[in-house]
Participant: 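Dropping a structure here in structure tokens format, bear with me for questions.
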Amino acid sequence: ATQEGICKHEVVEFDASYDDDRVTAHVFLPLDAHPPFQTVVFFPGGGCDNQSVFPKNAKTHAVFPELLASGRAVIWPVYFGTSERGGGGPDIPGRADLTEERIRQVKDICRVVDYIEEREDLDEHKLAYLGTSYGALSAPLCLAIEHRFNTAVMYNGGLPPWDYDRRVDPVHFAPRMTTSALMINGKDDDIFPLATSQEPLFDLLGTPESDKDH
């Protein structure tokens, strides 16, 4: 653990739920707040598959400073197939091992919540999922399976414009996701267009209309 200006940064490990693998997670704890902390679990964009090393500037990523300043903890797991756990290769839709990679990533996020429940300084009853881009389109997969999150923020995502194996296609999981959700998008997104990607995902979400916004 190290203290880095706005937060305390811990690197932890715990058993994965498959093979004899281990999951690494980076835990960022606010300095000017008192536990138990509301906790945000982060799922990054697709670029994480192409990086072989965890980013050194993680604590300043996107809205991390604001979340930490608000007294929340942030956890960035090193998901299977990313950074030191197999990142650095091309993320090509349809690749033979991509389906298993996605399945293991969902298992990783379930194990992260297990880990949170074991810590007294993290509030297991106030959990949020924050996904950007690929992490946003992965929300239905993760949250249709893992029901211990209270809310989800899906930033810059939508239904994928490429074909997925049915076993990991968000279109089949979205109706089974009932977590309160906020989708944040740009109207002119070329990868996730408003009418053909964003709005269809929003409409498919099983979240009650009163608990979701776009």
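Below, all heavy atoms of this structure are taken into account, side chains as well, without hydrogens, waters or symmetry copies.
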Participant: For the atom pair CG (Leu122) and CD (Gln38), what is the distance rounded to the nearest 0.5 Å?
Facilitator: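 Rounded to the nearest 0.5 Å, the CG-CD separation comes out at 11.5 Å.
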
Participant: Of all heavy-atom pairs between Asp108 and Tyr18, which one has the smallest distance, and what is that distance?
Facilitator: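 Looking at all heavy atoms of both residues, the shortest contact is OD1-OH, 2.7 Å.
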
Participant: Tell me the closest heavy-atom pair linking Pro30 and Leu68, and the distance in Å.
Facilitator: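 Shortest heavy-atom contact: CB-O, 3.3 Å.
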
Participant: Within this structure, what is the CZ-OG1 distance for the pair Arg148 and Thr179, rounded to the nearest 0.5 Å?
Facilitator: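 So the CZ of Arg148 and the OG1 of Thr179 are separated by 12.0 Å.
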
Participant: Can you classify the ring geometry of His26 versus Phe28 as parallel (below 30°), tilted (30 to 60°) or perpendicular (above 60°)?
Facilitator: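 Because their plane-to-plane angle is under 30°, the rings of His26 and Phe28 count as parallel.
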
Participant: Heavy atoms only: give me the nearest Arg176-His147 pair and the separation to one decimal.
Facilitator: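 Nearest pair, atom of Arg176 first, then His147: O-CE1, 4.3 Å.
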
Participant: Can you label the angle between the Phe64 ring and the Trp76 ring as parallel, tilted or perpendicular, going by 30° and 60°?
Facilitator: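 Judged by the thresholds at 30° and 60°, the geometry between Phe64 and Trp76 is perpendicular.
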
Participant: Can you measure from CD1 (Ile109) to OG (Ser138) and round to the nearest 0.5 angstrom?
Facilitator: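 So the gap between those two atoms works out to 8.5 Å.
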
Participant: Tell me, with the steps shown, if Leu127 and Phe149 meet side chain to side chain contact (heavy atoms under 4.5 Å, CB included).
Facilitator: CA-CA 5 Å; Leu127 298 180; Phe149 285 94; 3.9 Å; yes

Participant: How many angstroms lie between atom CG of Asp213 and atom CD of Glu209, to the nearest 0.5 angstrom?
Facilitator: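 Those atoms lie 10.0 Å apart.
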
Participant: Can you see whether Phe202 has Lys212 sitting over its ring - NZ or CZ less than 6.0 Å from the centre and within 45° of the normal?
Facilitator: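 Cation-pi check for Lys212 and Phe202: passes.
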
Participant: Using a cut-off of 6.0 Å, state whether more than 12 heavy atoms not belonging to Arg167 lie near its atom CZ.
Facilitator: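 No, the 6.0 Å shell around CZ holds no more than 12 heavy atoms from other groups.
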
Participant: Does Ile191 CD1 have over 12 foreign heavy atoms under 6.0 Å away?
Facilitator: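 No, the 6.0 Å shell around CD1 holds no more than 12 heavy atoms from other groups.
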
Participant: State, yes or no, whether a side-chain contact exists between Val153 and Val63 at a heavy-atom distance under 4.5 Å.
Facilitator: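 No. Closest side-chain heavy atoms not under 4.5 Å.
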
Participant: If you round to the nearest 0.5 Å, how far is CD of Glu124 from CD1 of Ile116?
Facilitator: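 The distance works out to 9.5 Å.
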
Participant: Of all the heavy-atom pairs spanning Tyr79 and Pro44, show the shortest one and how long it is.
Facilitator: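 The pair with the smallest heavy-atom distance is CE1-CD, 3.8 Å.
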
Participant: Answer yes or no: is there a side-chain heavy-atom contact under 4.5 Å between Ser133 and Phe192?
Facilitator: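 Yes, at least one pair of side-chain atoms sits under 4.5 Å.
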
Participant: Thinking salt bridges, do Asp21 and Arg85 make one under a 4.0 Å N-O criterion?
Facilitator: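 Yes, Asp21 and Arg85 are salt-bridged.
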
Participant: For side chain to side chain contact (heavy atoms under 4.5 Å, CB included), just list the numbers for Met177 and Met154, CA-CA rounded to whole Å, side-chain angles, deciding distance to a tenth of an Å, and then say yes or no.
Facilitator: CA-CA 13 Å; Met177 173 183 158; Met154 304 156 66; 4.0 Å; yes

